> 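Here's a structure for you.
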Amino acid sequence: MPDAVEESLEKSADKRHVTFDTQQTSYDGTMSLEASLEIPDALALAAAVKSGAEHLARLGSTDTVDGRRATTLGDLARHQLTIGFDDDGDAVVEGHRTPQPAAPVTQVVLQVGRIEQAGQRVLSVEQIRAWCGRPDAQVIVKPVIDLRERLECKGYQPTDKIREHVIVRDGTCVFPWCGRNARHCDLDHIVAYDHKHPDQGGSTSTDNLAALCRRHHRLKTHGRWRYEMTDPGVFTWTSPLGYTYLRDHTGSRPLGRACPEPHTVHPPDF
């Protein structure tokens with residue numbers, strides 16, 4: 001039944017994927033990935049990782065087999081990023097083309113010992129020192145931010161300093177259980193900004209701004225959910241049916257149902 005076989009192969013190809021969980025990291029500074037490849041690609045990758053791990057062992061690596069395999073996979077990625085697809089970046093010396101040193105292919109942003117790309121995970125000095133010594137990685141250390149300091153500006157748009165403050169403080173979208181990186185979120189005025197009468201609306205300040213992804217920003221803007229910041233980075237959310245949730249630096253958790261206001265009819269949550 002060639003037609004059925006061909007259809008089955010087409011469906012299986014649709015399941016191919018490579019997924020990197022860059023928003024979550026373990027305490028040892030690792031991230032997870034999961035992939036589903038076509039058989040030839042999977043076998044080729046397995047052979048390359050096995051060969052690379054064996055090569056590291058021959059060079060004297062005392063790492064575990066799994067550690068050498070993980071390092072090999074990273075080496076394959078770095079090699080791909082540095083080989084390029086043309087020779088425009090090479091220098092010509094006395095008629096011979098000389099490859100130029102590869103620029104760093106990985107950028108790590110640190111905020112006082114916390115890695116921004118990994119949910120503000122705390123890092124050890126040893127990890128930072130090791131990364132700083134790698135030619136393929138560029139480590140950017142940003143100034144200390146006092147998250148207890150209140151910053152305010154005139155107008156609707158926050159300053160770069162205020163934006164950075166809120167992003168570092170919140171880490172992710174502050175809607176319960178949302179893990180989208182705050183750097184890719186909107187900054188929402190918790191108490192709405194009054195464009196016609198700015199002095200009568202919510203201020204553009206660190207205690208009135210929070211990171212919300214576009215979906216949850218719309219959910220709040222249309223009035224179906226409401227929230228308040230009770231402490232820097234601590235938010236209490238109330239659903240349309242009166243259920244409350246706490247979101248802080250430790251995560252999200254339900255608090256129970258608040259008493260609805262008299263004669264108030266709430267729309268459904270979703």
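If you read the sequence from its start, that first residue is 1, and numbering goes on from there. A quick note: this is a predicted structure, and the numbers were derived from the prediction, not measured. All values below come from the heavy atoms of this structure, side chains included, with hydrogens, waters and symmetry mates left out.
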> Do H55 and L59 come close enough that some side-chain heavy atom pair is under 4.5 Å?
yes
> For I162, what are the other residues in its hydrophobic cluster, where any two members join if their side-chain heavy atoms are less than 4.5 angstrom apart?
L151, V166, L187, L209
> For atom CZ of R150, is the number of surrounding heavy atoms from other residues, nucleotides or ligands below 6.0 Å larger than 12?
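Above 12, so yes.
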> Under a 3.5 Å threshold, yes or no: a donor from one side chain and an acceptor from the other, between S61 and D63?
no
> Would you call the rings of Y193 and H195 parallel, tilted or perpendicular, where under 30° means parallel and over 60° means perpendicular?
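Judged by the thresholds at 30° and 60°, the geometry between Y193 and H195 is perpendicular.
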> Tell me if a side-chain donor or acceptor on S51 pairs with a main-chain N or O of A47 at a distance below 3.5 Å.
no
> Between S252 (side chain only) and P176 (backbone N and O only), is there a donor and an acceptor less than 3.5 Å apart?
no
> Do you know which two heavy atoms are closest between I167 and R183, and how far apart they sit?
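I167 and R183 have their closest heavy atoms at CG2-NH2, 3.7 Å.
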> E34: which residues meet the side-chain hydrogen bond (donor to acceptor under 3.5 Å, both in side chains) condition with it, sequence neighbours left out?
H17
> At their closest point, which heavy atom of C173 faces which heavy atom of L212, and how far apart are they?
SG-CA, 3.8 Å
> Suppose we screen for salt bridge (Lys or Arg N to Asp or Glu O under 4.0 Å). Which residues come up paired with D194, at least two apart in sequence or across chains?
none
> What's the shortest heavy-atom distance between A48 and L76, and which atoms?
CB-CD1, 4.2 Å
> Quick one: list whatever passes salt bridge (Lys or Arg N to Asp or Glu O under 4.0 Å) with D231, sequence neighbours left out.
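Residues passing salt bridge (Lys or Arg N to Asp or Glu O under 4.0 Å) with D231: R148.
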> Return the orientation label for the F175 and W237 ring planes: parallel under 30°, perpendicular over 60°, tilted otherwise.
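Rings of F175 and W237: perpendicular, over 60°.
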> Please confirm whether the backbone N or O of H217 pairs with a side-chain atom of D188, one donor and one acceptor, at under 3.5 Å?
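Absent.
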> Which residues pass the ring pair (Phe, Tyr, Trp, His ring centres under 6.0 Å) test with H197, not counting sequence neighbours?
none
> Drop me the distance from T236's OG1 to Y245's OH, to the nearest 0.5 angstrom.
13.0 Å
> Under 3.5 Å, side chain of T204 to main-chain N/O of G155, donor-acceptor pair present?
yes
> Examine I190 and W225 and state if one hydrophobic cluster contains both, with Ile, Leu, Val, Met, Phe, Trp and Tyr joined whenever side-chain heavy atoms are less than 4.5 Å apart.
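I190 clusters together with W225.
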> What distance do D186 atom CG and H216 atom NE2 have between them, rounded to the nearest 0.5 Å?
12.5 Å
> Quiz question: by atom type and distance under 3.5 Å, do the side chains of D207 and S205 form a donor-acceptor pair?
yes
> Output all residues satisfying side-chain hydrogen bond (donor to acceptor under 3.5 Å, both in side chains) with R218, sequence neighbours left out; order by chain, then residue number.
none
